[in-house]
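This report refers to the structure that appears directly beneath it.
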Amino acid sequence: MDEALHERVREIVAAIPPGSVASYGDVAELARAPSPRLVGRVLAEDGSDLPWHRVLRADGTPAHHLAQRQLELLRAEGVLADGRRVNMRQYRWDQAEVPEEPNLFD
């Protein structure tokens with residue numbers, strides 16, 4: 001993975017506002033990453049300083065090994081889960097436009 005893509009993923013995750021969530025696929029699309037798995041890799045390896053908890057699977061569920069902590073952090077921001085699933089229609093980040101610039105937030 002090139003460093004520019006790595007940084008785009010980090011910038012997009014950092015931009016997800018409190019009270020909102022995005023799927024790995026949403027972040028991948030905005031970053032023009034080839035796969036949502038790459039987003040997960042960036043977060044696993046270099047995401048401890050980011051609001052990683054705001055990124056969920058497309059069906060609104062957290063990763064199994066992070067579920068309790070992730071849902072606690074989201075709840076503290078007003079994102080409520082129905083059991084172990086967040087309603088993506090209700091809480092999905094409304095970031096509709098994908099900027100054309102290579103650096104998304106300059």
Side-chain angles (χ1 to χ4, degrees):
M1 165 183 7
D2 68 33
E3 189 156 336
L5 177 56
H6 181 98
E7 289 306 314
R8 281 197 310 268
V9 169
R10 286 183 47 82
E11 289 173 1
I12 290 164
V13 172
I16 302 169
S20 295
V21 296
S23 71
Y24 292 98
D26 294 337
V27 175
E29 183 178 341
L30 288 167
R32 296 184 187 88
S35 167
R37 290 180 184 267
L38 187 133
V39 174
R41 181 175 161 203
V42 169
L43 291 176
E45 295 176 0
D46 190 29
S48 63
D49 62 330
L50 296 172
W52 59 268
H53 59 283
R54 297 179 190 147
V55 183
L56 300 165
R57 295 176 180 152
D59 67 358
T61 58
H64 180 72
H65 66 288
L66 301 170
Q68 183 176 348
R69 180 71 179 137
Q70 191 165 12
L71 293 173
E72 287 172 0
L73 291 168
L74 289 170
R75 191 176 314 111
E77 295 180 349
V79 176
L80 305 178
D82 181 12
R84 291 190 112 22
R85 184 182 311 263
V86 170
N87 183 332
M88 295 297 282
R89 289 184 180 165
Q90 181 176 357
Y91 294 107
R92 180 174 262 133
W93 181 31
D94 187 19
Q95 178 64 34
E97 294 182 31
V98 178
E100 296 298 320
E101 317 305 316
N103 191 345
L104 297 176
F105 300 101
D106 275 352

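Being a predicted model, the structure only gives us computed values, none of them experimental. Each residue takes its place number in the sequence, starting with 1.
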Exercise for review: Could you tell me which non-hydrogen atom of Ala63 sits nearest to which non-hydrogen atom of Arg57, and how far apart they are?
Suggested key: CA-NH2, 3.6 Å
**Study point:** Closest non-hydrogen atom pair between Ala58 and Met88, with its separation
**Key:** O-CG, 3.7 Å
Exercise for review: Examine Leu66 and Tyr91 and state if one hydrophobic cluster contains both, with Ile, Leu, Val, Met, Phe, Trp and Tyr joined whenever side-chain heavy atoms are less than 4.5 Å apart.
Suggested key: no
Study note, to complete from the structure: Residue set satisfying side-chain contact (heavy atoms from CB on, under 4.5 Å) with Ala44, at least two apart, ordered chain then number -> none
Check your understanding: Can you name the salt bridge (Lys or Arg N to Asp or Glu O under 4.0 Å) partners of Arg85, sequence neighbours left out?
Key -> Asp59
Check your understanding: Does the pair Gln95 and Asp26 meet the rule for a side-chain contact (heavy atoms from CB on, under 4.5 Å), with working shown?
Key -> CA-CA 9 Å; Gln95 178 64 34; Asp26 294 337; over 6 Å; no
Check your understanding: Does Glu11 reach the main-chain N or O of Ala31 with its side chain, forming a donor-acceptor pair under 3.5 Å?
Key -> no
Practice item. Sequence neighbours left out, what passes side-chain hydrogen bond (donor to acceptor under 3.5 Å, both in side chains) with Asn87? Give chain and number order. Key: none
**Study point:** Which residues share a side-chain hydrogen bond (donor to acceptor under 3.5 Å, both in side chains) with Ser20, sequence neighbours left out
**Key:** none
Taking distance alone, no hydrogens or angles, what donor-acceptor pairs closer than 3.5 Å link side-chain atoms of residues 71-83 to residues at least two apart or in another chain?
{"unit_1": "Glu72", "atom_1": "OE2", "unit_2": "Gln68", "atom_2": "NE2", "d": "3.3"}
{"unit_1": "Glu77", "atom_1": "OE1", "unit_2": "Arg54", "atom_2": "NE", "d": "3.0"}
{"unit_1": "Glu77", "atom_1": "OE2", "unit_2": "His53", "atom_2": "NE2", "d": "3.0"}
{"unit_1": "Glu77", "atom_1": "OE2", "unit_2": "Arg54", "atom_2": "NE", "d": "3.3"}
{"unit_1": "Glu77", "atom_1": "OE2", "unit_2": "Arg54", "atom_2": "NH2", "d": "2.6"}

**Study point:** Neighbour count >12 (heavy atoms, 6.0 Å) for atom CZ, Arg92
**Key:** yes
Check your understanding: Side chains of Leu30 and Trp93: does their closest heavy-atom pair fall under 4.5 Å?
Key -> yes
Point to revise | All side-chain contact (heavy atoms from CB on, under 4.5 Å) counterparts of Arg10, not counting sequence neighbours | key: His6, Glu7, Val42, Asp46, Asp49, Leu50
Check your understanding: Under 4.5 Å between any side-chain heavy atoms of Val13 and Pro51, yes or no?
Key -> yes
Practice item. State plainly whether one hydrophobic cluster holds both Ile12 and Val55, where clusters connect Ile, Leu, Val, Met, Phe, Trp and Tyr through side-chain heavy atoms under 4.5 angstrom apart. Key: yes
Exercise for review: Could you state whether Leu56 and Trp52 fall into the same hydrophobic cluster, counting links through intermediate Ile, Leu, Val, Met, Phe, Trp or Tyr residues with side-chain heavy atoms under 4.5 angstrom apart?
Suggested key: no
